[in-house]
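Remarks on the structure that follows.
When a residue number appears, it is its place in the shown sequence, counting from 1. Every number for a ligand or one of its atoms is a count from 1 in the order of the listing. These numbers come from the heavy atoms of this one structure, side chains and all, not from hydrogens, waters or symmetry mates. The structure displayed is predicted, hence computed values, not measured ones.
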Amino acid sequence: TNKENSMAEEIYSICFMCTVRCPIRVLVENDEVIWIEGNPHVPGIEGALCAKGSAGIALLNDTERPQSPMIRTGARGEGQWRQASWDEALDYVAEKLKTIIAQHGPQSVVLGERTNLNTHISKTFMKALGSPNHFTHDALCKGSVNTAFRTLTGYTDPQIGIDYANTKHSIMYGRNIFESLEIKAINKLLTALDKGAKMTYIDPRFSVTASKADRYWMIRPGTDLALNYALMHVILNEELYDKAFAVRWIKDQRQELPALRKFVEPYTPAWAEAETGIPAQEIVDLAREVAADKPSVVFHYGYRGAHHPNEIYLRRSIIILNALMGSLEAHGGLFFKKGPKAAGREEIHKYIEQDFPKISVPRFDGSGGAKFPIADSSHGNPQMLAHAVEHEDPYPIKALIANRFEPLQSIPDSGEVRRALNKLDLIVAIDVNYSEIAWYADVILPESTYLERADSIQPVSGLKPQLFIRKQAVTPRYDTKPGWWILKELAKRLDIGQYFPYETIEDIWRFQLQKVGVKLEDFDREGFVTLLEDAIWWDREKGIHFKTPSGKFEFSSYLMENAGFPSFVPYTPVEAPSQGYFRLMVGRAAAHTHVSTQNNIYLNELVPENELWINTNVAADLGIKDGAQVEVASKVGIARLKAKVTDFIHPEAVFMLHGFGKTVPVQSRCYHKGASDALVQENISDTAGGSPAFDETLVQVRPVA
Ligand SMILES: Nc1nc2c(c(=O)[nH]1)N[C@H]1C(S)=C(S)[C@@H](COP(=O)(O)OP(=O)(O)OC[C@H]3O[C@@H](n4cnc5c(=O)[nH]c(N)nc54)[C@H](O)[C@@H]3O)O[C@H]1N2
Ligand SMILES: Nc1nc2c(c(=O)[nH]1)N[C@H]1C(S)=C(S)[C@@H](COP(=O)(O)OP(=O)(O)OC[C@H]3O[C@@H](n4cnc5c(=O)[nH]c(N)nc54)[C@H](O)[C@@H]3O)O[C@H]1N2
Ligand code: SF4
Ligand SMILES: [Mo]
């Protein structure tokens, strides 16, 4: 099958230029990667790869990434390092951790990571240590979406999928899918659009996705909930909802539907027009159009668009619109993902399933506790890191292990985070780049890149449950190690090595596969294993298994009301910012992953810096010219970057890409290019949903003299 080059070896693996983790096929010759493409055997991928995925070779060969363990010699962040051997660096970290744990207890150690294939091993590490404080990026990404789904269905959002290929109408609330991309989803959505499916895109900013939509609404920032209340108003008054679905699956529908109808009575399309700027008649048209295509419609619940302190109610309203259209477990709508169990197999094994000493202290971040009672505490609320450290609330935090996680750019108000980090006795960064946190750390433990390492097997639930594998393509270019090795070696030195009963990746794989009935060789041919060839759909009449107390879709949520949050709240109007002030919105570019790729030699060339999008008319009022430097100031910080003067953004908002404004000199290509959104974003949270309100901050914009 090696048509490109008969000498080349073919390796199936998983991309990790972003966490979408597309399956890939890598061609290797003489221990060099000569080609990467999407795994041709995977439906929906069929060879496709995005620009970032192709740029994986540049990450592999990057000379500006850490090349051996490093121990800090100067002041924090000063950039004075000495190279160390792995033994020396791991001994150093273990000694420090032992002292800290002896003085302050294991809960004073916090490990934060972007969820990855070895998260079950990182969680094992923390459990074995006796600390409850493992957190992931989840709350910073879509925590409120997660909570919203749990309040209504009992499932988390990763347990829900979208049948893009068969959808007849998708409604995207700032879900900028053609730039903030997932290859499989896009390919399927494009297929549907080719077949005549419609797409409505709603965003105060005209993005690439807007350019592909049949209908685009430049909504006033922060007012999506008003739009949704008006849509519900039309749908309920005109009885456009899916009655069969409601009767069968909406808890107490005889009371709940009239109650909701009464609740949204004041929120007429005309009222919503005044609030959102969307013409009333168009709102009515959308409700009727979508109803005609039900249940094969998707109101996309979004990830990052429209993050405000009331976000839980926005996400809930979107999911409720899906339920009114009967689009749950419907072809062309949403579906519940099926795992190995649904295919009649056992689940994959995880090291986290061992017996650990009982941990009785609460989490540091209030997740599942006083501050965030219904947020998902298996992920935590990282936005509380600085507060917890600075105020020793609820107890002293003394060590941070940042494993593939960047607190200095991914948590709002990075000035405060930096001040808090100063109070720590130990900062360890496990990273592939000289990220801001690596540069600020005491010890850098460089991980091998995804092309140089193998990782735990990835179970992928869906209509057809599958297993994928990341195999090592080439030997590490530098003195780097895989994360699962690093944590085991650290554990050994902390006398908790017994919880890591493996030596090699094959040991991990065999352990994971013990019960699932799949052999390692089964991955050889195509790089993945499908556990059942037929798509698994539950019976819409009898078989939908909601995991709520009632077993139905619950408008009035036990979870919310029990924690003191009303299930529905009246709409609070969003005030227009005063002259010179704007709501700061952020987002991603197709060529970059969050904060990771700005220094990548190829991607840096595609998008070297970020700019501040500002509306043409207001820019003229403020004397701001296209391309000129502007100052963006909030209550917590000031950023400087170039202005991009454009008609394609609402006058109340400004927008910048996330991930720029790096301060690490050895990342020479992106050093001081553009500005970091986290510097100016205030750290305000949706305490019910769990996410920070990333789009809430008001900034003042001025030309730089
Ligand atoms: N290329 C690339 N793709 C990625 C990623 C990446 O880093 N790079 N990351 C992945 C991850 S982890 C995620 S979470 C997803 C994110 O996927 P999305 O959430 O689709 O991505 P964002 O780029 O954050 O886009 C958010 C959009 O919301 C808009 N917005 C802001 N305020 C409002 C508002 O009040 N109302 C409405 N309707 N819209 C608003 C912004 O203008 C912006 O266009 O992308 C994934 N895909
Ligand atoms: N201000 C602000 N904050 C945000 C967002 C925003 O738009 N603005 N977006 C939020 C969203 S949607 C998300 S998902 C999160 C993402 O937040 P993060 O997970 O922190 O960001 P990433 O860029 O995905 O990667 C973090 C770190 O992982 C390192 N890394 C990359 N590959 C590897 C690897 O293979 N191994 C190791 N050990 N390290 C690696 C990178 O160098 C980087 O330092 O951020 C959230 N926070
Ligand atoms: S979307 Fe692109 S960068 Fe992300 S995993 Fe897929 S190919 Fe890699
Ligand atoms: Mo995300």
(message) Using 30° and 60° as the class boundaries, would you call the ring planes of Y201 and Y216 parallel, tilted or perpendicular?
(response)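 It falls in the parallel class, under 30°.
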(message) Once you measure the plane-to-plane angle for H300 and Y164, does it fall in the parallel (<30°), tilted (30-60°) or perpendicular (>60°) bin?
(response)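 The rings of H300 and Y164 lie parallel, inter-plane angle below 30°.
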(message) Just to check, does E182 reach to within less than 4.0 Å of ligand 1 when the distance is taken from its heavy atoms?
(response)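 It does not; every heavy atom stays at 4.0 Å or beyond.
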(message) For A589, state whether at least one heavy atom is located under 4.0 Å from any atom of ligand 1.
(response)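 Right, A589 reaches ligand 1.
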Does [X] [atom1] have over 12 foreign heavy atoms under 6.0 Å away?
X: E282; atom1: CD; answer: yes
X: R418; atom1: CZ; answer: yes
X: I601; atom1: CD1; answer: no
X: Y303; atom1: OH; answer: yes

(request) List in chain and number order the residues that pass ring pair (Phe, Tyr, Trp, His ring centres under 6.0 Å) with F178, two or more places apart in sequence or in another chain; answer none if no residue qualifies. (result)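 Residues passing ring pair (Phe, Tyr, Trp, His ring centres under 6.0 Å) with F178: none at all.
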(message) Would you say the rings of Y301 and F149 are close, in the sense that their centroids are separated by under 6.0 Å?
(response)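 Yes, close enough.
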(request) Look at E182 together with R175 and state whether they make a salt bridge at an N to O cut-off of under 4.0 Å. (result)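 The answer is yes: the pair qualifies as a salt bridge.
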Is the closest N or O pair between [X] and ligand 1 shorter than 3.5 Å?
X: G222; value: yes
X: I202; value: yes
X: D203; value: yes

Within the 4.0 Å heavy-atom shell around [X], which atoms of ligand 1 are there?
X: R175; answer: 17 (O), 18 (P), 20 (O)
X: P221; answer: 35 (O)
X: E179; answer: 1 (N), 2 (C), 3 (N)
X: A590; answer: 1 (N)
X: N176; answer: 20 (O)

(request) Calculate, to the nearest 0.5 Å, the distance between atoms CE and NE2 belonging to M199 and H169 respectively. (result)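 Answer rounded to 0.5 Å: 9.0 Å.
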(request) Might you point out which heavy atoms bring N146 and H379 nearest each other, and give the distance in Å? (result)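 Where N146 meets H379 most closely, the heavy atoms are ND2-CD2, 4.1 Å.
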(message) Tell me which residues fall inside the under-4.0 Å heavy-atom shell around ligand 2.
(response)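 Under the 4.0 Å cut-off, ligand 2 touches F16, R114, H137, L140, C141, R304, N403, R404, F405, E406, Q409, S410, I430, D431, V432, N433, S435, E447, R453, V586, R588, T593, H594, V595, S596, H658, D677, A678, Q681, F694.
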